[in-house]
Engineer: 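Structure below; questions to follow.
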Amino acid sequence: MKCLDCGAEMEQGTAECVGAGFESWYEFTSETEKAKKGIAGLFTRQTIAIPFTLAEHPAWHCPRCRKVLMWVDSKE
């Protein structure tokens, strides 16, 4: 897989959560949702929960720019 940032070939592996608490997660917010201002930004901004459990997930690492791309199912 090519890196989305620099175009170099990425190495495939796994990413695993180590020592996370019982309720750990990340949230994804799109650029469109981040652009909402005022009342719409406060009350209608949509985020997608990404559970970060003690499971292994497929991942790719770019040795050039040191980015990691994980493939994780969202809760939605």
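For the numbers below, each heavy atom of this structure counts, side chains included, while hydrogens, waters and symmetry mates do not.
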Engineer: May I have the list of side-chain donor-acceptor pairs in residues 33-42 shorter than 3.5 Å, sequence neighbours left out?
Structural biologist:
unit_1: E33; atom_1: OE1; unit_2: K36; atom_2: NZ; d: 3.0
unit_1: E33; atom_1: OE1; unit_2: Q46; atom_2: N; d: 2.9
unit_1: E33; atom_1: OE2; unit_2: K36; atom_2: NZ; d: 3.4
unit_1: K36; atom_1: NZ; unit_2: T44; atom_2: O; d: 3.3

Engineer: Check whether any side-chain heavy atom of H57 lies under 4.5 Å from a side-chain heavy atom of T14, and answer yes or no.
Structural biologist: no
Engineer: Minimum heavy-atom separation for M10 and C62, please, with both atom names.
Structural biologist: CE-N, 3.7 Å
Engineer: Return the CD to CG distance between Q12 and L69, rounded to the nearest 0.5 Å.
Structural biologist: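 Answer for the CD-CG pair, Q12 versus L69, is 10.5 Å.
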Engineer: Give me each pair satisfying salt bridge (charged side-chain N to carboxylate O under 4.0 Å, His left out) with a member in residues 58-72, each pair once, sequence neighbours excluded.
Structural biologist: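 Found D5-K67.
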Engineer: Going hydrophobic residue to hydrophobic residue with side-chain gaps under 4.5 angstrom, can you get from M1 over to W71?
Structural biologist: yes
